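Remember, it's a predicted structure, so these values are computed and weren't measured experimentally. Here is the naming used below: chain letters follow the sequence lines, and residue numbers restart at 1 for every chain.
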Number of protein chains: 2
Amino acid sequence: MTISKKSASVHQVEPDDKEPTSVAGLALENRLGYALRRAQLTVFKHFNEAMQAYEIRPAQFSSLVVIEGYPGITQTNLAKILDIDPPRIVSLINHLEERGLALRVRCKRDKRSHGIFLSKKGEALTEQLKALAEQSDIQATQSLSEIERRQLLSLLVKIYAPDTADE
Amino acid sequence: MTISKKSASVHQVEPDDKEPTSVAGLALENRLGYALRRAQLTVFKHFNEAMQAYEIRPAQFSSLVVIEGYPGITQTNLAKILDIDPPRIVSLINHLEERGLALRVRCKRDKRSHGIFLSKKGEALTEQLKALAEQSDIQATQSLSEIERRQLLSLLVKIYAPDTADE
DNA sequence: CGCATATAGTTATAGTTGTTAACTAGATAG
DNA sequence: CTATCTAGTTAACAACTATAACTATATGCG
């Protein structure tokens, strides 16, 4: 294997002279996937700190909000909406049920499926968490104006759900 | 545990009547963290498909690009730039080294550290992959105009690297 | 009816990733 | 020369992802 002299001359020849600390100037800076991942990690870090006291993880929060909006939703539909695999839903709902936040109700018409509902406790918590999550979003994006934040949101929706993005 | 009648009346009382398929209208639709994650998954899916033939994962691609830009960079600095933990870097570089794409060179001044360089083969591949990644970005964001794509990128950089975002 | 097929939920399993602690070799400060 | 620090590594473990297979129920059709 031969070391490339060409690339070696781009910035430095001896190892570790410049102590680079960012991807500024690299091709990576223009990659959407990279930027999305880094931004997501940043926002999630804030979110997790905010939710730490409640021991709620991102997927659990999403589930609570969807169940709140569609009480009685089946696990299959919840999986479809959140785009996660059915097996993940099982342990997710188990956990919420163990904590007394949600419960399964066997559906009379189709005894294979369960409707999922929030308990009073789950509903109260969800209300609290939604407010917390909004604050967390704002804290994580201090460098953005409210307008930019809305712009960003609308661009992201266009990517992951181009059909439902408002036209 | 009591089922909340209030939330149960928001959309439906019986399980699974409406077969909801999106988060439209829910609080989730306005959560940046959720939107970022979903958008990231969408873009990564395209990326992984594009890279499948080369068996390159996102973190490997990022590493290749950074090493190309900073030949001789130490593993510690690579870890800092990409914000991943040092132990992850080890297996990452091991893999690149096994495939003959990169190599460690023991630094003479500090024999603890290694400078990492691309091989000719690694450099050639990186050039190819950068072009592929750009195409993949565009494919994954068909619903965005070129201007929107640039807007998005700039907003994301402001979030994960507010210091380096152009002022 | 009775058979074949499909679906909801679950369980088990394995591969991947992320995190932490601890170890080794070499560097550095007093 | 000793104590402390740092780069890299290894190992252990939790978390997440993806897949396959199983159970119970439902549905379509001859």
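- In this structure, CG of A:L92 is placed 10 Å from P of D:dT17, rounded to the nearest angstrom.
- Contact check on A:K45 versus A:E49 returns no salt bridge, with no Lys/Arg side-chain nitrogen under 4.0 Å from an Asp/Glu carboxylate oxygen.
- Looking at B:K120 and B:E123, no side-chain N of the basic residue comes within less than 4.0 Å of a carboxylate O on the acidic one, giving no salt bridge.
- Ring centroids of B:Y34 and A:F61 are separated by 6.0 Å or more, keeping the two rings apart.
- Here the C1' atom of nucleotide D:dA11 and the CG atom of B:N94 are 14 Å apart, to the nearest Å.
- Contacts of A:R57 with the nucleic acid, taken as non-hydrogen atoms under 4.0 Å apart, involve only primed sugar atoms and P, OP1 or OP2.
- Separating the NZ atom of B:K45 from the C1' atom of D:dT17 is a distance of 12 Å, rounded to the nearest angstrom.
- Residues A:N94 and A:R104 have side chains that bring a donor and an acceptor to within less than 3.5 angstrom of each other.
- An OP1 or OP2 oxygen of C:dT10 is reached within less than 4.0 angstrom by a side-chain nitrogen or oxygen of A:R104.
- Counting only heavy atoms from C-beta on, A:P87 has its side chain closest to C:dT10 among C:dG26, C:dT10, C:dT16.
- Phosphate proximity of C:dG9 to A:T76: present, with a side-chain N or O under 4.0 Å from OP1 or OP2.
- In this structure, A:I89 places its CD1 atom 13 Å from P of D:dA18, rounding to the nearest Å.
- Interface remark: the A:R112 side chain does form a donor-acceptor pair with the C:dT7 base, using a distance-only criterion of under 3.5 Å.
- Checking D:dA7, C:dT20, C:dG9 against every side-chain atom of B:D85, the shortest atom distance belongs to C:dT20.
- Residue-environment remark: CD (A:Q151) exceeds the threshold of 12 foreign heavy atoms within 6.0 Å.
- Distance A:L82 CG to D:dC16 P: 14 Å, rounded to the nearest Å.
- One atom, NE2 of A:H114, and another, P of D:dA26, lie 11 Å apart when rounded to the nearest Å.
- Here D:dC13 presents its P atom at 20 Å from CZ of B:R88, a figure rounded to the nearest Å.
- Map B:L41 and B:I93 each onto its nearest nucleotide of DNA chain D; the residue landing nearer the 5' end is B:I93.
- The nearest heavy atom of DNA chain C to A:P86 and to B:I84 marks one nucleotide each, and the one closer to the 5' end goes with A:P86.
- The CG atom of A:D110 sits 12 Å away from the P atom of C:dT7 (whole-angstrom rounding).
- For A:V90, counting side-chain heavy atoms from C-beta on, the closest listed nucleotide (C:dT11, D:dT9, D:dG8) is C:dT11.
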